[in-house]
**Student:** 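Please read through the structure below; I'll follow up with questions.
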Amino acid sequence: MSPFRLSVLSALLYGVARLSSVNAAAAIPQNANVDNPSVQGDTSSLPSESHVASMVKQQPICCDALSFFLKGKVFKSSASQYEASLQSYWSQQEQQVQPSCILIPQTVQDVQLSIFLLSVAAKYIPNGCPYAVRGGGHTPWAGAANQQGGVTIDLSKFSQLDISKDQKQISIGAGRRWEDVYLKLDALGLATSGGRVASVGVAGLTLGGGISFFSPRYGLVCDNVINFQVILASGKLVNANAQTNADLFKALKGGSNNFGVVTRFDMKLFTQGKFWGGFIGQDISTRQKQYDYFVTFASSKTYDPYAALIMSFAYTLETGWYIASNFEYTKPQAYPATFKNFTDLPQTFNTMRISNLTDFTVELLGRNPPGSRELFVTATFKNDAASMARFFDIANATLDPFKTTPNLTVSLSYQPFPQIVTSKGFATPGNPNSGNSLGIDATRGDLTNVLLTVQWQDPAADKNINDFATSLFKNTEAANKKAGTYDPYLYLNYASKQQDPIQGYGQASVNFLTSVSKKFDPLQVFQNFVPGGFKLMKTGLV
Ligand SMILES: Cc1cc2nc3c(=O)[nH]c(=O)nc-3n(C[C@H](O)[C@H](O)[C@H](O)COP(=O)(O)OP(=O)(O)OC[C@H]3O[C@@H](n4cnc5c(N)ncnc54)[C@H](O)[C@@H]3O)c2cc1C
Ligand SMILES: *[C@@H]1O[C@H](CO)[C@@H](O)[C@H](O)[C@H]1NC(C)=O
Ligand SMILES: *[C@@H]1O[C@H](CO)[C@@H](O)[C@H](O)[C@H]1NC(C)=O
Ligand SMILES: *[C@@H]1O[C@H](CO)[C@@H](O)[C@H](O)[C@H]1NC(C)=O
Ligand SMILES: *[C@@H]1O[C@H](CO)[C@@H](O)[C@H](O)[C@H]1NC(C)=O
């Protein structure tokens with residue numbers, strides 16, 4: 001590219017950046033360094049900061065600076081790799097974000113170098129280089145894991161799947177999706193607590209918590225991580241586990257993309273054969289009974305740890321409201337007693353069978369295909385039938401004006417979030433760096449998670465759908481507060497762009513996460529220059 005075009009482009013890019021932001025460089029703490037010298041880690045593959053700084057200053061367009069150092073791994077919109085990467089996001093909104101370039105690193109050293117470069121850029125050039133980190137690309141909202149006009153780092157080449165000799169551990173590359181993991185594990189009669197839909201990324205799901213069919217037996221997905229391999233903002237390669245960097249280990253279990261780029265997840269394995277699962281359809285008129293049965297089912301006192309349930313009420317214009325619940329029982333036993341109340345109600349369809357984990361997650365993918373416009377919003381309340389009823393009744397009452405939106409699907413999913421699950425992530429007394437960072441403890445009791453999912457096709461309907469969702473959650477939150485059933489926890493992986501799940505972890509957890517962020521990212525690059533996803537500090541200026 002000629003120097004003239006480079007400078008025109010550069011001026012254009014800076015113009016765009018300025019329009020959409022305050023000067024982000026002003027957010028960098030005075031005297032801050034890219035690195036914290038007290039953190040031990042490998043930097044042997046990295047050039048010196050002064051060398052990189054001089055190069056970055058000469059080639060101040062972020063993508064060109066990256067291309068200079070990572071030749072053949074940075075793709076612009078004309079490249080087929082760019083198009084393929086965008087097409088592999090789940091929602092239409094994320095597919096339509098246009099980064100200036102997509103970086104597809106091949107090795108851990110590539111990630112170290114690129115994160116280091118982007119941190120040096122943050123320090124030395126105006127507005128830095130805003131970037132995004134993506135795993136499976138399943139967060140629905142635009143910009144969660146894709147950076148308009150910036151750099152998107154696509155980790156899809158991190159495809160390791162190594163099982164330890166004793167079959168107790170699997171090391172999973174950050175580009176893997178759950179289907180890849182389960183195909184390998186099913187063949188060996190093994191499993192790990194992981195996602196329930198084949199195409200979802202291991203990375204994002206695990207860093208946000210992770211609800212699994214196995215959670216009542218083994219806890220949330222993040223509670224099954226043995227070790228994270230992480231690249232810090234400094235480019236340092238570190239491990240985070242119960243012995244090494246235990247504070248970072250805890251922070252990553254729920255802290256999403258606020259601390260570093262995880263390149264490998266080492267997870268616990270257990271023996272698992274085929275089991276019973278599938279979907280049962282029922283009429284919406286049974287809903288009052290369903291709430292009562294759910295509350296009994298989801299009580300930790302009597303919870304059967306082999307059982308997992310997603311109770312969904314779905315609406316389309318053609319069908320009206322109907323119930324389609326996912327039942328999984330992780331033993332090869334059909335119609336277990338714990339589901340009897342539900343399964344005895346009249347059924348409209350039924351796919352229940354004994355099969356393998358991969359097969360069930362492919363079935364769930366069939367009900368959640370990619371490519372639509374998508375909205376997720378979530379809330380948490382105490383395990384309570386009246387709160388469940390209220391959520392449906394308000395949704396139904398307020399949906400009326402939007403019912404004719406073309407190709408609309410609305411789904412309300414209720415999932416148990418009982419102490420039998422959450423207790424597996426509690427910190428142990430005397431060891432504050434144990435457990436996860438979700439901020440839930442025994443005082444919270446058995447909780448219920450609700451997820452609103454809306455699918456549609458036409459961007460012209462975006463505003464109406466957002467308005468519907470906003471008023472539904474505002475109204476139900478106020479009513480739950482009044483009834484004493486409100487809980488501030490928000491499941492990060494189901495949150496909308498407008499929600500702030502990390503604040504919902506509570507002040508103690510936020511304080512802990514802030515101290516870990518300052519220790520491992522002294523320049524605060526992940527707060528200020530990685531604007532997508534759910535941030536610890538919502539003061540990000542880019
Ligand atoms: C169809 C569907 C089914 C789902 N099923 C489940 C389920 O069964 N259980 C459940 O708990 N959740 C489920 N979810 C929610 C899911 O956990 C989130 O959407 C999650 O963010 C997906 O992870 P991802 O890697 O695919 O997404 P991405 O959008 O790629 O990433 C999510 C966030 O994590 C960050 N991130 C990604 N990779 C890294 C990395 N290597 N290092 C640092 N940060 C990173 C990104 O920056 C982004 O902010 C489902 C979602 C969908 C759309
Ligand atoms: C899992 O089930 C599917 C569907 O029945 C089948 O095609 C596949 O071979 C099974 N895989 C294993 C490893 O049993
Ligand atoms: C069925 O539901 C009733 C009423 O909610 C409850 O008392 C009973 O314990 C439930 N049975 C099972 C097996 O959960
Ligand atoms: C939904 O609301 C409409 C009124 O807007 C009402 O006629 C209908 O009965 C409600 N549906 C259910 C299943 O409650
Ligand atoms: C909307 O649904 C109709 C039929 O219900 C279908 O023919 C059409 O292709 C759908 N439109 C889109 C954009 O998916």
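First listed ligand is number 1; within each ligand, the first listed atom is number 1.
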**Student:** Which atoms of ligand 1 are found less than 4.0 Å from any heavy atom of A174?
**Tutor:**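 Answer, ordered by atom number: 41 (N).
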**Student:** Does the gap between the ring centers of Y329 and Y335 come in under 6.0 Å?
**Tutor:** no
**Student:** Using a 4.0 Å heavy-atom cut-off, say whether L155 meets ligand 1 through its side chain, its backbone, both or neither.
**Tutor:**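 Looking at L155 and ligand 1, just side chain atoms fall under 4.0 Å.
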**Student:** Does Q112 reach the main-chain N or O of D42 with its side chain, forming a donor-acceptor pair under 3.5 Å?
**Tutor:**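 Flag set: sc Q112 to bb D42 pair under 3.5 Å.
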**Student:** Pull out every atom of ligand 3 sitting under 4.0 Å from any heavy atom of Y293, numbered as shown with elements.
**Tutor:** 2 (O), 5 (O)
**Student:** Is the W276 to F327 ring centre distance short of 6.0 Å?
**Tutor:** no
**Student:** Check whether the ring centres of F392 and Y291 lie less than 6.0 Å apart, and answer yes or no.
**Tutor:**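 Not close enough - the centres of the two rings lie 6.0 Å or further apart.
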**Student:** Checking contacts here: is it the side chain or the backbone of A144 that comes within 4.0 Å of ligand 1, counting heavy atoms only? Could be both or neither.
**Tutor:** backbone
**Student:** Answer with yes or no after comparing the ring centroid distance for F313 and Y414 against a 6.0 Å cut-off, counting only values under it.
**Tutor:** yes
**Student:** Does a donor on one side chain sit under 3.5 Å from an acceptor on the other, for D304 and Y306?
**Tutor:** no
**Student:** Quick one: which of V197, N326, V111 has a heavy atom closest to atom 3 (C) of ligand 1?
**Tutor:** V197
**Student:** Are F381 and F391 close enough that their ring centers fall under 6.0 Å?
**Tutor:**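 Ring centres of F391 and F381 not closer than 6.0 Å.
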**Student:** Need the ligand 1 atom indices (1-based, order shown) with element for anything under 4.0 Å from a heavy-atom of G533.
**Tutor:**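 Every atom of ligand 1 under 4.0 Å from some heavy atom of G533: 49 (O).
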**Student:** Taking 4.0 angstrom as the limit and counting only heavy atoms of A337, give me the atoms of ligand 3 inside it, by number and element.
**Tutor:** 13 (C)
**Student:** Counting non-hydrogen protein atoms only, what is the nearest one to atom 43 (C) of ligand 1? Give residue, atom name and distance.
**Tutor:**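 In this structure, atom 43 (C) of ligand 1 has G260 O, 3.4 Å as its nearest protein heavy atom.
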**Student:** Closer than 4.0 Å to some heavy atom of L207 - which atoms of ligand 1 meet that?
**Tutor:** 39 (C), 40 (C), 42 (N), 43 (C), 44 (N), 45 (C)
**Student:** Should you measure from each heavy atom of A203, which atoms of ligand 1 turn up under 4.0 Å away?
**Tutor:**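 Near A203, meaning under 4.0 Å from one of its heavy atoms, ligand 1 has 38 (N), 39 (C), 41 (N).
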**Student:** Taking the six-membered ring of Y218 (Phe, Tyr or Trp), confirm whether the NZ or CZ of K268 is under 6.0 Å from its centre and within 45° of its axis.
**Tutor:**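 Here K268 fails the 6.0 Å and 45° test against Y218.
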**Student:** Looking at ligand 1, would G208 count as a contact under a 4.0 Å heavy-atom criterion?
**Tutor:**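 Contact check G208 vs ligand 1: negative.
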**Student:** Which atoms of ligand 1 sit under 4.0 Å from any heavy atom of R134?
**Tutor:**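 Result: 30 (O), 37 (C), 38 (N).
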**Student:** Using a strict cut-off of less than 4.0 Å between a Lys/Arg side-chain nitrogen and an Asp/Glu carboxylate oxygen, indicate whether R353 and D359 qualify as a salt bridge.
**Tutor:** yes
**Student:** Starting from the N and O atoms of ligand 2, collect every protein N/O partner closer than 3.5 Å and put each pair on its own line with the distance to 0.1 Å.
**Tutor:**
| from | atom 1 | to | atom 2 | distance (Å) |
| --- | --- | --- | --- | --- |
| ligand 2 | 2 (O) | N356 | OD1 | 3.3 |
| ligand 2 | 2 (O) | N356 | ND2 | 2.3 |
| ligand 2 | 11 (N) | N356 | ND2 | 2.8 |
| ligand 2 | 14 (O) | N356 | ND2 | 3.3 |

**Student:** Under a 4.0 angstrom heavy-atom cut-off, which atoms of ligand 1 come close to T139?
**Tutor:**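 Taking each heavy atom of T139 in turn, ligand 1 has 19 (O), 21 (O), 27 (O), 28 (P), 29 (O), 31 (O), 32 (C) under 4.0 Å.
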**Student:** When you measure from the side chain of S215 to the backbone of I211, do you find a donor-acceptor pair of N or O atoms at a distance under 3.5 Å?
**Tutor:** no
**Student:** Among all protein heavy atoms, pick out the one at the shortest distance from atom 11 (O) of ligand 1; state its residue, atom name and that distance to 0.1 Å.
**Tutor:**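 Heavy-atom neighbour on the protein nearest atom 11 (O) of ligand 1: Y491 OH, 2.4 Å.
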**Student:** Can you see whether F279 has R367 sitting over its ring - NZ or CZ less than 6.0 Å from the centre and within 45° of the normal?
**Tutor:** yes
**Student:** Which ligand 1 atoms does G201 reach within 4.0 Å, using its non-hydrogen atoms?
**Tutor:**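 So the atoms of ligand 1 that pass are 23 (O), 24 (P), 25 (O), 26 (O).
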**Student:** Give the atoms of ligand 1, by number and element, whose distance to some non-hydrogen atom of V262 is under 4.0 Å.
**Tutor:**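 Numbered from 1, ligand 1 contributes 40 (C), 41 (N), 42 (N), 43 (C).
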**Student:** Minimum heavy-atom separation for Q455 to S372, with atom names?
**Tutor:**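 Nearest pair, atom of Q455 first, then S372: CG-CB, 4.2 Å.
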**Student:** Applying a strict 4.0 Å limit to heavy atoms, is F259 in contact with ligand 1?
**Tutor:**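 Outside the 4.0 Å threshold, so no.
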**Student:** Residue-level breakdown please: for V221 versus ligand 1, do any non-hydrogen atoms fall below 4.0 Å on the side chain, on the backbone, on both, or on neither?
**Tutor:**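 No part of V221 comes within reach of ligand 1.
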**Student:** Quick check, are the ring centers of F213 and W178 under 6.0 angstrom apart?
**Tutor:**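 No, the ring centres sit 6.0 Å or more apart.
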**Student:** Determine whether any heavy atom of G137 lies closer than 4.0 Å to an atom of ligand 1.
**Tutor:**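 It does; at least one heavy atom falls under 4.0 Å.
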**Student:** Is the SG of C129 found under 2.5 Å away from the SG of C62?
**Tutor:** yes
